2 protein chains.
Amino acid sequence: MERERKRGHDPESVLAVAVRVFNERGYDGTSMEDLARALGVTKSAIYYHVPGKEQLLARALDRALDGLTALVVDERAASGPAIERLERVVRQSVRILVERLPYVTLLLRVRGNSATEQRALERRREFDAFVSHLVKEAAAEGSIRPDLDPALVTRLLFGAVNSITEWYRPGRGGSPGELADALVAMTFGGLRV
Amino acid sequence: MERERKRGHDPESVLAVAVRVFNERGYDGTSMEDLARALGVTKSAIYYHVPGKEQLLARALDRALDGLTALVVDERAASGPAIERLERVVRQSVRILVERLPYVTLLLRVRGNSATEQRALERRREFDAFVSHLVKEAAAEGSIRPDLDPALVTRLLFGAVNSITEWYRPGRGGSPGELADALVAMTFGGLRV
DNA sequence: TTGTCAACTGACCGAATGTTCGGTAAACAC
DNA sequence: GTGTTTACCGAACATTCGGTCAGTTGACAA
């Protein structure tokens, strides 16, 4: 029998708590002692469930990146006007950001301090390159204001998208769908009446 | 006589190097040993010029916040349509971000881990409140699309502005003025043709 | 009743951390 | 030349770090 299994942690619950604390204090600002306190166990108990601090980070970053990679794979197979594909990518990005909020939040703060972080940055750059290319396509098709540099548009557009990790809290501020609607409305159409 | 003063460091040059390294590795991810290496001196030499690591952070954050505070003071005295004042605040924000890029970059990564960081977050919140109010005014005057929540507009708008610290490098990608022009064009008017 | 095993604890390790301290070489002041 | 100041070094400080390991506990199976 398996059900209920008493009380206790497993690799999944440890990861969830760890990512929450990493986001509160920053990865480097979080000690294993901090994690232990948040889990209600001693430091050594953590090592029963996971191999170490850096692997905790690696698993968290993979969760974020797997979502973004899946998006790219899906969308590479799509066709139609680039501007419409771009809008879909933005909407899907918002969805993934919200669904995997703590993991993506962590990813967006990574600086490349370790091999793990550098690997994550490389995977992230693939996503950036994909989006960047898509915006250029849309510009080449004449769907983006010609006075705006496509590279700049990409950065500002995803600056707005990524800022979601800085202020969005689930349950507040509407559903992910409404959020995506508003974001697309503002970035594509402008905030001015 | 004063001129040239041989070679060597002073509190100012230590701060400049420290902030650069803080931004590369993160504040918590940077050791005094790292700073010493970047300065070409030993750890102890740093303490001759500055009182410690946290004061280095405090001074850096003050540089960023003093700029933003000055902007608020200036703009509180301004009049005219809120939408025009908002556009001016955005342009000035871009200017300050670029002028004080390393300092503002550091500020935007602060999580509140120490008393120093919490004080900085409080000052930053004053700026956010000011901008938030301004967007609401503009909405009340009918200058912002009524289907967009003003609070959301504020966050996305400054999500785009603040993203500058993530990718802008001086000398590349045009002058600060052109950057502000493009940013205002896109956020106010939309990226679509 | 005994044995097994998952899930821990507590004591500990070596390394790294931020900071302090005693000393010192070179430049300057007189 | 003598004393003082400036800018630093090297060693040491207490503390904290990520991580290890032998042992304990309590639920459950036989």
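Here the structure is a predicted model, which means the values were calculated and not measured. These values consider heavy atoms only, across backbone and side chains, with no hydrogens, waters or symmetry-generated copies. Convention: sequence-line order gives letters A, B, ...; per-chain numbering from 1.
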message: I need the OH-C1' distance between A/Y47 and C/dA6, as an integer number of Å.
response: 20 Å
- request: Can you sort out the partners of A/D149 under side chain to side chain donor-acceptor pair (under 3.5 Å), two or more places apart, ordered by chain and number?
  value: none
- prompt: According to the side chain to side chain donor-acceptor pair (under 3.5 Å) rule, which pairs have a member within residues 150-163 of chain B, sequence neighbours left out?
  reply: B/S163-B/W167
- line: With sequence neighbours left out, the residues meeting side chain to side chain donor-acceptor pair (under 3.5 Å) with B/D128 are none
message: Test side chain to side chain donor-acceptor pair (under 3.5 Å) on B/S13 and B/D10; report intermediate values, then the result.
response: CA-CA 5 Å; B/S13 69; B/D10 58 15; 3.3 Å; yes
query: Listed in order of residue number, which residues of residues 12-20 of chain B have a non-hydrogen atom at under 4.0 Å from DNA chain C?
result: none
Throw together a table of side-chain donor-acceptor distances under 3.5 angstrom for residues 37-45 of chain A, partners on residues two or more places apart or in other chains.
unit_1, atom_1, unit_2, atom_2, d
A/R37, NH1, A/D34, OD1, 3.3

- prompt: How close do A/R111 and B/E24 get, heavy atom to heavy atom, and via which atoms?
  reply: CB-O, 3.5 Å
task: Name every residue in residues 111-120 of chain A that has at least one heavy atom under 4.0 Å from any atom of DNA chain D, in order of residue number, or write none if there are no such residues.
output: none
Show me the donor-acceptor pairs, under 3.5 Å and distance only, between side chains in residues 180-193 of chain A and residues at least two apart or in other chains.
unit_1, atom_1, unit_2, atom_2, d
A/D181, OD1, A/R91, NH1, 2.5
A/T187, OG1, A/L183, O, 2.7

- prompt: So, is B/Y48 near the phosphate of D/dA7, with a side-chain N or O under 4.0 Å from OP1 or OP2?
  reply: yes
message: If I take atom CD1 in residue A/I46 and atom C1' in nucleotide C/dG10, what distance separates them, rounded to the nearest angstrom?
response: 15 Å
message: For DNA chain C, which residues of residues 49-58 of chain A approach it to below 4.0 angstrom with any heavy atom?
response: A/H49
- request: Could you list the residues that satisfy side chain to side chain donor-acceptor pair (under 3.5 Å) with B/E126, not counting sequence neighbours?
  value: none
task: Starting from P on D/dC17, measure out to OH on A/Y27 and report it in whole angstrom.
output: 13 Å
- prompt: Under the side chain to side chain donor-acceptor pair (under 3.5 Å) test, which residues partner A/T116, sequence neighbours left out?
  reply: A/E54
statement: Separation of D/dG18 atom C1' from A/D28 atom CG, nearest Å, is 13 Å
- request: Can you tell me the distance, in whole Å, between the CZ atom of A/R37 and the P atom of C/dG10?
  value: 15 Å
query: In chain order, what residues pass the ring-ring contact (aromatic ring centres under 6.0 Å, His included) check against A/Y103, with sequence neighbours excluded?
result: none
task: Using a strict 4.0 Å threshold on nitrogen-to-oxygen distance, state whether B/R25 and B/E33 make a salt bridge.
output: no
- prompt: Checking A/E141 side chain against A/A82 main chain: does a donor-acceptor pair fall under 3.5 Å?
  reply: yes
query: Atom CE of B/M32 to atom P of C/dT19: distance rounded to whole Å?
result: 6 Å
- request: Taking only Lys NZ, Arg NE, NH1 and NH2, and the carboxylate oxygens of Asp or Glu, determine whether B/R123 and B/D62 approach each other closer than 4.0 Å.
  value: yes
- request: Could you tell me whether the side chain of A/D28 and the main chain of B/D28 form a donor-acceptor pair under 3.5 Å?
  value: no
- prompt: Checking all strands, does B/A45 fall into the base, sugar-phosphate, or nothing category for heavy-atom contacts under 4.0 angstrom?
  reply: sugar-phosphate
Protein and nucleotides 11-16 of chain D: nitrogen or oxygen contacts under 3.5 angstrom:
none

- prompt: Can you tell me how far P of D/dC17 sits from CG of A/L35, to the nearest Å?
  reply: 11 Å
